[in-house]
Structures are given as C-alpha cells and as structure tokens.
Amino acid sequence: FAKYGFVDETSPASFCKMMDKRKEMEALGYDFSNLLFYKDTGDISPEVWDVVLYGILAQDPSLQQGFYEACMSGDADTKTSYHQQYFPYSLEALKAHVNGFLKEVDQLSAKARTKT
C-alpha cells in the first residue's frame, strides 16, 4: 500500500490496528495512539502486550483483575510476572492478529487490482 500513498514511510512507528480490542483498551485506559509497532527496530509498545494479555486473561476473571490492578497501580514487577508467565499465549494471539491483518491486506490488494 505504500506505493499508493497509504503508508508514511518516514514515520518511526505504525499504529496497531486492534479494532477488536476496544473494550480491553478502554479498560486499561489506552487508545489507538498507545498501540504501536516500531518500524526500524520491530519493537512492539508495552501497551500492545498489555491489551493482548488482558484479553487472554478474560478467561479467568480473578487473574484478569490482578493484572488490571497491577496496570492501574503501576506495579511493574507484577505486570512483568504476568507477561512472563503468559508470554507464549500473548505471542500466539499477536501473531494471529498480524497474520489476519496481512491476509486482509492481501485480499484488499487483490480486489484493488481487479478494479483497474
């Protein structure tokens, strides 16, 4: 899409399009401006990981509440502990999000090519 002018290649980061995680973002006090992928380093903002993990922990409300309280109180050690314990699940969920997004981009690109 960059060749059509949809992507600003000079920007150091891109917004993470987690449209399906609005409820989680709002609960944690985040908005889309907090959720970033960094172009040069490949880093992912901590807020993205928080939103993904918060969604995963919804399966166990007591775990989700503990993570929420750590986020709200600024308890970095507890947040880190949660992230370390559930990292494989968070990584899997984030990969699924990225792969789904790329598939959608491919489909939209193919559709755009048929319109010319």
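Keep in mind that what you see is a predicted model, and the values were worked out from it rather than measured. Basis for what follows: all heavy atoms, side chains included, without hydrogens, waters or symmetry-related copies.
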What donor-acceptor contacts under 3.5 angstrom involve side-chain atoms of residues 19-32, with partners at least two apart or in another chain?
from	atom 1	to	atom 2	distance (Å)
Y30	OH	D50	OD2	2.6
D31	OD1	S33	N	2.8
D31	OD1	S33	OG	2.4

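The CG atom of L57 lies 9.5 Å from the OG atom of S62; values are rounded to the nearest 0.5 Å. The distance from the CG atom of L91 to the NZ atom of K95 is 4.5 Å, given to the nearest 0.5 Å. Between atom CD of residue Q85 and atom OG of residue S90 there is a gap of 10.5 Å, rounded to the nearest 0.5 Å.
A donor-acceptor contact shorter than 3.5 Å links the side chain of S45 to the backbone of N34.
Applying the ring pair (Phe, Tyr, Trp, His ring centres under 6.0 Å) test between H83 and each of Y54, F67, W49 identifies F67 as the sole match.
Inspection of the S73 and D75 side chains reveals no N or O donor paired with an N or O acceptor under 3.5 Å.
Other residues, nucleotides and ligands contribute over 12 non-hydrogen atoms within 6.0 Å of the CD atom of Q65.
A 4.5 Å side-chain heavy-atom check between V48 and L36 finds every atom pair outside the cut-off. Side-chain atoms of Y68 and Q64, non-hydrogen and from C-beta on, never get closer than 4.5 Å to each other.
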Q) Where do Y82 and L63 land on the side-chain contact (heavy atoms from CB on, under 4.5 Å) test, with the steps shown first? A) CA-CA 9 Å; Y82 274 98; L63 287 173; 4.2 Å; yes
